[in-house]
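Working notes for the structure below.
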Protein chains: 2
Amino acid sequence: MATAAPIRSRKAQIDRTATALFRARGFAATSMRELATELGLEAGSLYSHIKSKEEILHRVCFGLAEDFFAGFAAATLDTAAPIATQLRLAIEAHVRVLTRDSAASAVFLHEWRHLSEPARTEFLALRDRYEASFRELIQRGIAANELHAPDAAFAALTLLASLNWLPAWYRPDGKLSPDDIAHRLAEQLLGGLLTNK
Amino acid sequence: MATAAPIRSRKAQIDRTATALFRARGFAATSMRELATELGLEAGSLYSHIKSKEEILHRVCFGLAEDFFAGFAAATLDTAAPIATQLRLAIEAHVRVLTRDSAASAVFLHEWRHLSEPARTEFLALRDRYEASFRELIQRGIAANELHAPDAAFAALTLLASLNWLPAWYRPDGKLSPDDIAHRLAEQLLGGLLTNK
DNA sequence: CCTACCGATCGGTAGG
DNA sequence: CCTACCGATCGGTAGG
């Protein structure tokens with residue numbers, strides 16, 4: 001009889017547990033021994049599955065970056081739709097990524113600076129590109145007279161800031177479902193941007 | 001002849017330099033040797049001026065908490081003023097604290113979790129109380145029909161989130177002065193909240 | 001996946 | 001403020 005396949009690969013299990021620890025204690029303050037204990041094995045054994053502590057961080061940060069880009073691309077696929085609609089969908093997609101895995105999101109948002117070069121610079125370039133996508137969408141909305149804001153860059157920054165605070169207070173077992181939260185955030189943030197309310 | 005008094009006390013100098021390092025690398029990843037080198041002395045010598053690494057973090061976090069509370073109190077001193085005015089002043093006071101020392105602000109916002117108990121719990125209680133102040137102000141504004149928002153708690157969270165992103169992008173030598181930034185942020189964030197725009 | 005271990009570095013102290 | 005040092009812990013490896 002073959003042994004039952006593990007529900008998740010050991011590597012994925014390590015990533016998941018490490019992500020939770022990185023979020024709770026920070027990357028630098030999380031030790032590989034702590035991680036190993038949490039997984040029920042010895043510190044040295046981790047290295048049969050991963051190459052280094054930073055490799056985990058790298059996977060988490062760049063994996064989430066992909067998710068954010070994919071969400072934005074899907075939200076803005078229909079370029080004929082009103083910009084306000086595209087923006088609303090982009091906000092909801094962003095919130096969906098944040099709530100699907102808020103631990104990984106928190107690591108993505110706060111622990112990336114422990115990446116060593118060149119990964120750190122590459123990561124920041126991705127993040128800048130993502131912010132620029134929102135900024136440009138808002139700019140197009142202003143040009144089309146669908147949105148109003150004194151400064152598109154400012155508006156994009158505060159919009160993403162509001163959304164990115166979510167992992168700090170979101171509880172998966174809270175009263176509001178991820179979709180409720182996404183709708184409410186989109187509603188409130190667009191409320192300040194829409195030309196005719 | 002007496003030697004010239006140091007411009008700042010050595011202790012204050014240590015706090016300042018440590019704050020910059022904590023912000024750049026994170027508390028856990030900053031070593032006392034690094035800090036000592038930056039100050040031009042040996043690691044052991046730091047301990048003639050401070051008791052521990054965490055003591056510095058404690059001073060920074062609780063010192064900033066005091067500043068935030070003082071700013072809010074000053075902004076809401078005139079209880080006869082319109083709530084919208086009080087809120088605008090509170091936003092500007094918050095931004096002023098953030099821009100006056102953005103390194104300390106970043107440490108306040110992100111490194112507090114490296115405080116050990118009971119300081120950590122005390123700190124979170126202060127932060128909660130501060131957020132509650134904003135929430136209650138917004139609630140009163142809604143009751144007085146000066147502000148509108150589907151949910152005061154939500155509004156307070158997103159408002160503070162937008163403001164607290166500032167240390168991440170603020171550059172003291174940028175084009176906008178702290179007061180410019182404060183005004184713009186207040187304008188934009190109130191734009192979504194005011195009943196009659 | 002474990003045992004046994006490496007060199008490096010950590011926060012902090014004693015004694016001057 | 002320095003020299004010299006402490007015990008603890010770190011990320012990671014060799015060999016099985």
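Since the structure is predicted, the reported quantities are computational estimates derived from the model, not experimental observations. A note on names: the letters A, B, ... follow the listed sequences, proteins ahead of strands, and every chain is numbered from 1. Every heavy atom of this structure was used, including side-chain atoms; hydrogens, water molecules and symmetry mates were not.
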Q. Counting distance only, does the side-chain N/O of K53(A) pair as donor-acceptor with the main-chain N or O of T30(A) below 3.5 Å?
A. yes

(Q) For I83(B), is there any backbone N or O sitting under 3.5 Å from a side-chain donor or acceptor partner on E146(B)? (A) yes

Q | Side chain to side chain, I50(B) and R59(B), heavy atoms closer than 4.5 Å | A | yes

Q: Would you mind reporting whether W165(A) and T158(B) have side-chain heavy atoms less than 4.5 Å apart?
A: no

Cationic N near anionic O, under 4.0 Å, [X] to [Y]:
{"X": "K175(B)", "Y": "D180(B)", "value": "no"}
{"X": "R140(A)", "Y": "E136(A)", "value": "no"}
{"X": "E187(A)", "Y": "R88(A)", "value": "yes"}

Q. Could you spell out the base pairing of DNA chain C in dot-bracket, with Watson-Crick or G-U pairs whose two distances are under 3.5 Å, [ ] crossing and | to another strand?
A. ||||||||||||||||

**Q.** Ring-ring centroid check F108(A) F123(A), cutoff 6.0 Å
**A.** yes

Q) In whole angstroms, how far is the P atom of dC2(C) from the CD atom of E42(A)? A) 5 Å

Q) What integer distance in Å separates L41(B):CG from dT3(D):C1'? A) 14 Å

Q. Could you write nucleotides 4-16 of chain D as a row of B, S and -, 5' to 3', where a protein heavy atom under 4.0 Å of any base atom gives B, of only sugar-phosphate atoms gives S, and otherwise -?
A. -B----BBBB---

